[in-house]
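Worksheet: the structure to be examined is printed underneath.
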Amino acid sequence: MHIVVCIKQVPDSAQIRVHPVTNTIMRQGVPAIVNPYDLFALEEALRLKDKFGGRVTVLCMGPPQAEDSLRKCVSFGADDAILVTDRAFAGADTLATSYALASAVKQIGKEQAVDMVFTGKQTVDGDTAQVGPGIAKRLGLQLLTYVSRIVEVDLEGRSITIERRAEGGVQVLKTALPCLITMLENTNTMRFASMPAMIHAARTQVRKWNKDQAGIEDVEKIGLKGSPTVVSKVFGPTPRNEKAEMLLVEESSLRDVSLNLIQRLFTRHPIIEQELLERQSA
Amino acid sequence: RKTELPEHLKAYKGVWVFLEHDRGHVHQVSWELLGSARKLADTLGAEVAGVLMGGPDEPLAQYAQEAFGYGADLCYVVHDPVLKGYRNEPFTKGLTDLVNRFQPEIMLLGATTMGRDLAGSVATTLQTGLTADCTELNIDPVSRALAATRPTFGGSLLCTIMTLAYRPQMATVRPRVMSMPKKEATRSGRIVEVEIGFEESSIVTKLLDFIPDASSNKINLAYADIIVSGGKGMKNADNFQLIWNLARVLGAEVGASRPVVQAGWVEAERQVGQTGKTVRPKLYIACGISGAIQHRVGMESADAIVAINNDPNAPIFDFAHYGIVGNAMTVLPALTEAFRSHLAVRSRAGAAAA
Ligand SMILES: Cc1cc2nc3c(=O)[nH]c(=O)nc-3n(C[C@H](O)[C@H](O)[C@H](O)COP(=O)(O)OP(=O)(O)OC[C@H]3O[C@@H](n4cnc5c(N)ncnc54)[C@H](O)[C@@H]3O)c2cc1C
Ligand SMILES: Cc1cc2nc3c(=O)[nH]c(=O)nc-3n(C[C@H](O)[C@H](O)[C@H](O)COP(=O)(O)OP(=O)(O)OC[C@H]3O[C@@H](n4cnc5c(N)ncnc54)[C@H](O)[C@@H]3O)c2cc1C
C-alpha cells in the first residue's frame, strides 16, 4: 500500500503576536511546526502501513525551511519526503494550493501508484479545510472528510469502510480506492520518535521539487496568478468602547454582589428574566 | 493576475444559499444565511434563491415554504433517489450542474461538516474562489463584489477577501455567526423543480449507516440561550461542579475553555472558541476564563457577558458587560443561591398576580 500524507508547516500559533500599531504578524522568533492536525493523518497512515505493509510518503508545499517539518515526519516513520518549493507558488490560495499538491501527487504516483492520500482536517493558520476536498476533486479521488475511524480496508477488493463525523451523528461510508481522507483530530495518539529514527531522519534526503519537477502543466494555475481570491484588507478588531461594569467582592458581601449583578442584568435584559421564569413554570 | 470580470460571467445574477437538511430538519445555519443573503441581494437589486437537494420522499417543498418566510424569493428543488442522505459525489455534481445552468453570482453555505465538504469540492470543480468561516458579508461599493471578512490568526486580525474575476463568489459561515432573520410566515416564493438524472450505479461511495449521537450526547452549545462556562481558573474537576450547579439553576448549557477540555474535565463538544463552537447566547457567564482571543472570537456576540475572575486586569473584562472581581469558588455558590431565590420569589409573585 502506498499512502501520501500532505503536511503543512505552520507558525506555532500559540506564540504568534500581532503588532498593535501596524497590525502585522510578528513572525520573528516564532517557531515553525508541523500543522498539529496533520499528525493525526500521519499517525493513521503509519498504522495502515504497520498493518498492510507498504510505504508512506510525506508531501509538503512550502519554503525551503519546511524541510525540517518533513524530517520530523520521517522520524515518526514516513519512508520518503518531498518538498514542493518554488517562488512561482507564492501567494497561492486554496484553489492554487490544491492544484500544485494534486500535480505533485500525480508525479509521486508515476514512481509508485498511490492508494490513499491523507490530509489533516484543517491548518491552524489558513484554517479553511478546503485543500483536502480540492486535491480529491482534481485527482478524481473519492473524498472522505472528517473521518473519525477507519473500519476496514480490503486491499484485494480495493475498498474501504470508514466512519465520518456528520451533524448529529456518524456516517458509515464504503468506497473504492484510491481515496482521499481528511482525518479528524484526537482520533489517535501520535507515536514517539525513537532515537535511531531521529538520527535516520536527520540524515534523510528530503527531495525538493520545483514547479517542473512537480509536474505543473499550467503555470497560470499556481501561485498568486492561479488564485481567484484577493485579500483586499487586513485590519484589527474594533475594541468595545464601554468597559465592563465592575463589582468588587472586597467591597461588599458575596450575597450583595450577586443580587446587585442580578438586578442590573435583568433591568437591562428583561427578556432573560422573562424566559427564565417561563422555563421555571413549565 | 486577473481581476477584471470577463464578459461571459457578467450574466451571473442572484444570491444562493445551500439549504442543508438531514433526517427531517433544516439546519438553522441555513436560515441564518438566508438573512445575510437577503441583505446582499437587496444591495445588489437581485433575488435570493435557496437550493434544496434530497430524496424523493423528503419534504423539500415544505422546507422551501419555510425558506420563503426567511427571505428567499425562489427555491431550486431537486428530488432524486441518489440524494437521500448526504454524499459528496452526487451533491457536488448536482450543485455544480445547478450553478452552471442558473448562474448565481454569490453562493453561501454553512461551515458545517456537510457544507465545508461540499463547498470545497464545488469551488474546485467550478474553479472559483471560496472564503472560509466568514464573520461578515458585504457588497464592495466599487466593484459590486462580495467582500467576505474572516478572522485570521485566531481572531487577532481580520481580513477581507474578494473574488473579482470568477463566478460564483463562494463563502462558508459558521452556525451562530449571523443573526437569525425574523420569519414572515405569509411571504411566498416560486419553486423551480429541477431534474438531475443520476444513476446510483455511477456513484462509487455508498452510505451504509448513520449512527445518531446518543441523546445524552447531544450537547447543543451553539444554540443554547444561556451558557455557564468555566476555565482553567476553576483549578480542578471537582471545583468545576460549581459551574454545573449554576447551569442547573438557570437551565443553561455548560461551556468551557480549551485547557479545560484538554484536561478532560468536560467533553470536547463543550469547547467555545476558534477551535471549538461559536455561540451566541442571550447570557454568557465566564468563570475563571482569562478571555484569550481564541476564546473571545467564539462568544463575543453574546447579548450579555458576565465574567467572574480574581484578576481585575484579566482581558475578559475588556469585553464583558458585567465583571465580578473575586474568587470563583466562593462567588459561584453565592451567585447560584441568589439566582435561585430571585427566580423563586419572582415566579411566586407572578403566580399570585395571575
Ligand atoms: C489568514 C489567512 C486566511 C486565508 N483565507 C483563505 C480563504 O478564505 N480562501 C482561500 O482560498 N485561501 C485562503 N488563504 C490561503 C490558504 O491558507 C493557503 O492557500 C494555504 O496554502 C492552504 O490553505 P489552508 O492553510 O487553509 O489549508 P487547509 O485547507 O485548512 O488544510 C487542510 C489540509 O491540507 C493539507 N495542506 C494544506 N496546505 C498544504 C501545503 N502547503 N502543503 C501540504 N499540505 C497542505 C494539510 O494536510 C492540511 O491539514 C488564507 C491564508 C491565510 C494566511
Ligand atoms: C490554535 C489555537 C486555538 C485555540 N482555540 C481555543 C478555543 O477554541 N477556545 C479556547 O478557549 N481557547 C483556545 N485556545 C487557547 C487560548 O489561547 C487560551 O490559552 C485559553 O483560552 C485559556 O483558557 P483559560 O482562560 O481557561 O485559562 P487561563 O488563561 O489559564 O486563565 C485562567 C483565568 O482564571 C483566573 N482565575 C484563577 N483562579 C481564579 C479563581 N480562584 N477565581 C476566579 N478566577 C480565577 C485567572 O486570573 C485567569 O484569568 C487556542 C489556542 C491556540 C494556539
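Throughout, protein chains are lettered first and strands after them, A, B, ... in sequence-line order, and every chain is numbered starting at 1.
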Check [X] against [Y] and note the closest heavy-atom contact, atom names and distance.
| X | Y | value |
| --- | --- | --- |
| A:L254 | B:T330 | CD1-O, 3.6 Å |
| A:A166 | B:F210 | CB-CE1, 4.0 Å |
| B:G120 | A:P133 | C-CB, 3.9 Å |
| B:Y166 | A:K225 | OH-O, 4.4 Å |
| B:R346 | A:L277 | CB-CD2, 3.8 Å |
| B:C159 | A:V231 | CB-CG1, 4.2 Å |

Could you check whether any side-chain heavy atom of [X] comes within less than 4.5 Å of a side-chain heavy atom of [Y], counting everything from C-beta outward?
| X | Y | value |
| --- | --- | --- |
| A:L265 | B:L283 | yes |
| B:V325 | A:M246 | yes |
| A:E167 | B:D22 | no |
| A:S232 | B:D140 | no |
| B:T113 | A:R164 | yes |
| B:T92 | A:K137 | yes |
| B:L130 | A:T229 | no |
| A:Q171 | B:R87 | no |

Quick check on [X] against chain B: is it the side chain, the backbone, both or neither that has a heavy atom closer than 4.5 Å?
| X | value |
| --- | --- |
| A:Y99 | neither |
| A:R264 | both |
| A:T161 | side chain |

For this session: For each of A:K174, A:E220, A:E278, tally heavy-atom pairs with chain B at distances under 4.5 Å, and name the one with the top tally.
Result: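 Option with the greatest count: A:K174.
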For this session: Specify which of A:D125, A:L259, A:L224 makes the most heavy-atom pairs with chain B at under 4.5 Å.
Result: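 Winner by heavy-atom pair count: A:L224.
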Heavy-atom distance under 4.5 Å to chain A: side chain of [X], backbone, both or neither?
| X | answer |
| --- | --- |
| B:A123 | backbone |
| B:T128 | backbone |
| B:Q169 | neither |
| B:P312 | backbone |
| B:A344 | backbone |
| B:V306 | side chain |
| B:K2 | neither |

For this session: Determine whether more than 12 heavy atoms belonging to other residues, nucleotides or ligands lie under 6.0 Å from atom CZ of A:R255.
Result: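 It does not: A:R255 CZ has 12 such atoms or fewer within range.
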Problem set entry | Residues B:H342 and A:Q263: side-chain donor-acceptor under 3.5 angstrom |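 No pair is found: no donor N or O on one side chain lies under 3.5 Å from an acceptor on the other.
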For this session: Return the option, out of B:T149, B:D133, B:I293, B:D318, with the maximum number of heavy-atom pairs under 4.5 Å with chain A.
Result: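 Top count of heavy-atom pairs under 4.5 Å with chain A: B:D318.
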For this session: May I ask you to list the residues in residues 175-183 of chain A that approach chain B closer than 4.5 angstrom, counting heavy atoms only, ordered by number?
Result: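 A:T175, A:A176, listed by number.
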Exercise. Yes or no on side chain to side chain contact (heavy atoms under 4.5 Å, CB included) for B:D209 and A:L173, after CA distance, side-chain angles and deciding distance?
Worked result: CA-CA 7 Å; B:D209 199 2; A:L173 294 169; over 6 Å; no
For this session: May I ask you to say whether A:R268 pairs ionically with B:D303, meaning some side-chain N is under 4.0 Å from a carboxylate O?
Result: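 Not counted as a salt bridge, because no side-chain N and carboxylate O are separated by less than 4.0 Å.
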Problem set entry | Trace of the side-chain hydrogen bond (donor to acceptor under 3.5 Å, both in side chains) decision for B:E337 with A:S258 | CA-CA 9 Å; B:E337 187 44 41; A:S258 300; over 6 Å; no
Problem set entry | B:H321: partners by ring pair (Phe, Tyr, Trp, His ring centres under 6.0 Å), with sequence neighbours left out |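 Per chain and number, B:H321 pairs via ring pair (Phe, Tyr, Trp, His ring centres under 6.0 Å) with no residue.
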For this session: Tell me, with the steps shown, if A:D127 and B:R150 meet side chain to side chain contact (heavy atoms under 4.5 Å, CB included).
Result: CA-CA 10 Å; A:D127 187 22; B:R150 61 177 307 229; 3.9 Å; yes
